[in-house]
Amino acid sequence: MSDPSSSARFDSTPVTVARLGTVDYLEAWEKQRELANERAEGVGTDTLLLLEHPPVYTAGRRTEDADRPTDGTPVIDVDRGGKITWHGPGQLVGYPIVRLAEPIDVVGYVRRIEQALIHVCTEMGLVCGRVEGRSGVWLPAEMRDGTWLPERKIAAIGIRVQRGVAMHGFALNCNAALDAFDAIVPCGIRDAGVASLSRELGRDVTVDEMIPAVTEAVIAALDGRIPVTECDIERVTFEEAARRAGSPSSTPEFTTHRF
Amino acid sequence: MSDFAAPADLRYTAEHEWVRRTGATTARIGITDYAQAQLGDVVFVQLPETGSEITAGESFGEVESTKSVSDVFAPLTAKVVAVNADLDANPELVNSSPYEEGWLVDVEVGSESELDEALAQALDADGYRGITEG
């Protein structure tokens with residue numbers, strides 16, 4: 001495996017950061033492909049696209065019919081990893097288009113992106129980390145004010161590596177309205193939820209507020225300046241959380257994917 | 001030395017595919033132990049249909065792990081004569097047995113000399129290990 005203290009990038013030229021505002025999903029996807037093709041040909045520079053999307057559902061190839069929206073909302077089928085997710089206002093989407101160092105280490109690359117987002121969320125005061133066998137950044141299950149909160153994803157990650165170039169990327173929920181996730185099974189995981197920085201921190205956390213920290217952390221992680229650590233979250237059952245909280249143990253009710 | 005298996009009787013590509021000759025004009029293709037390790041837990045494999053053509057250097061399928069999707073590149077130009085149907089239900093075979101049960105496709109080329117040439121252009125095990133060690 002590659003040395004986590006060295007760069008995950010093929011070359012050392014600075015990453016171009018493009019803040020694009022709100023961009024239609026298909027338009028952004030086409031932009032990614034253009035940049036990825038350039039990088040595969042050895043031209044251009046690695047680029048971090050930072051943007052928001054108008055509301056849209058996107059589905060990776062493994063998305064099952066049962067995971068799709070129940071209300072007939074259109075879904076864009078995409079070539080990234082993962083299953084179905086939602087993008088929309090209040091969610092910071094980052095697409096690092098990166099020519100990867102050789103020998104290519106895909107898992108190492110994804111772990112660096114995860115680490116960058118874990119770093120950012122931890123700096124914001126959240127306890128978060130990875131869940132084995134899943135991608136993204138997760139908050140541990142907990143009993144809060146008598147309410148059972150299952151593991152919930154605050155940042156989703158879906159990557160494609162093509163001709164040595166990584167594309168697609170991550171989505172960090174800042175102040176997104178999470179009710180859009182109610183219509184789907186996010187990432188195909190039925191026993192978990194989604195979270196946002198705003199909801200977890202109890203204040204409005206905007207995309208614009210998070211862009212500088214996320215930009216810095218992603219580039220630092222890719223270049224090996226933020227070390228990749230294990231930081232798996234503690235897996236807590238409802239019964240264990242109830243015991244710790246001193247609450248009577250009764251079966252939790254899952255009425256929504258929002259937390 | 002690399003910790004990853006690279007059997008001496010196979011040929012390899014820089015894109016981490018292996019080729020095993022199975023007959024005068026036939027071969028089996030898969031991804032290497034190194035490749036499966038750096039992809040992570042494989043959860044889905046997309047392969048071409050039997051009877052389709054694959055072209056050397058071009059993508060003929062995809063391997064998806066819990067972390068990402070990556071292309072699989074054809075090490076030679078050939079016709080697909082069989083695909084590993086076991087991977088539909090058990091894609092993790094690519095991780096647990098990349099050189100045996102986790103094979104991807106069986107192919108047939110136009111002539112024996114064509115296959116000779118394609119295999120000669122591929123890497124041997126030592127050459128491949130050199131790539132994985134950076």
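This structure is a prediction, so every number in the text was calculated from the model and none was measured. In what follows, every chain begins at residue 1, and chains take the letters A, B, ... in the order their sequences are listed.
Top candidate by heavy-atom pairs under 4.5 Å with chain B, chosen from A:Ser135, A:Gly136, A:Ala101, is A:Ser135.
Within 6.0 Å of the CD atom in A:Glu34, the count of heavy atoms belonging to other residues, nucleotides or ligands exceeds 12. In this structure, B:Glu114 places its CD atom where more than 12 heavy-atom neighbours from other residues, nucleotides or ligands lie under 6.0 Å away.
Looking at A:Arg80, only its backbone comes within 4.5 Å of chain B, counting heavy atoms on both sides. Only the side chain of B:Gln46 comes within less than 4.5 Å of a heavy atom of chain A; its backbone N, CA, C and O stay farther away. Within the 4.5 angstrom heavy-atom criterion, atoms from both the backbone and the side chain of A:Ile104 approach chain B.
Here B:Glu64 contributes atom CD and A:Ile159 contributes atom CD1; the two are 12.0 Å apart, rounded to the nearest 0.5 Å.
Two residues are said to be in side-chain contact when any heavy atoms from C-beta on lie closer than 4.5 Å; A:Glu102 and B:Ile131 fail this criterion.
Of all non-hydrogen atoms in A:Gly133 and B:Thr66, the two that sit nearest each other are O-CG2, 3.3 Å. Across all their heavy atoms, B:Leu39 and A:Val106 have their closest contact at CD2-CG2, 4.0 Å.
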* Asked: Given the rule in the side chain to side chain contact (heavy atoms under 4.5 Å, CB included) test, do A:His168 and B:Val69 qualify, once you have shown the distances and angles that lead to the verdict?
  -> CA-CA 10 Å; A:His168 293 290; B:Val69 174; over 6 Å; no

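Within the 3.5 Å criterion, the main-chain N or O of B:Ser70 finds no donor-acceptor partner in the side chain of A:Gln162.
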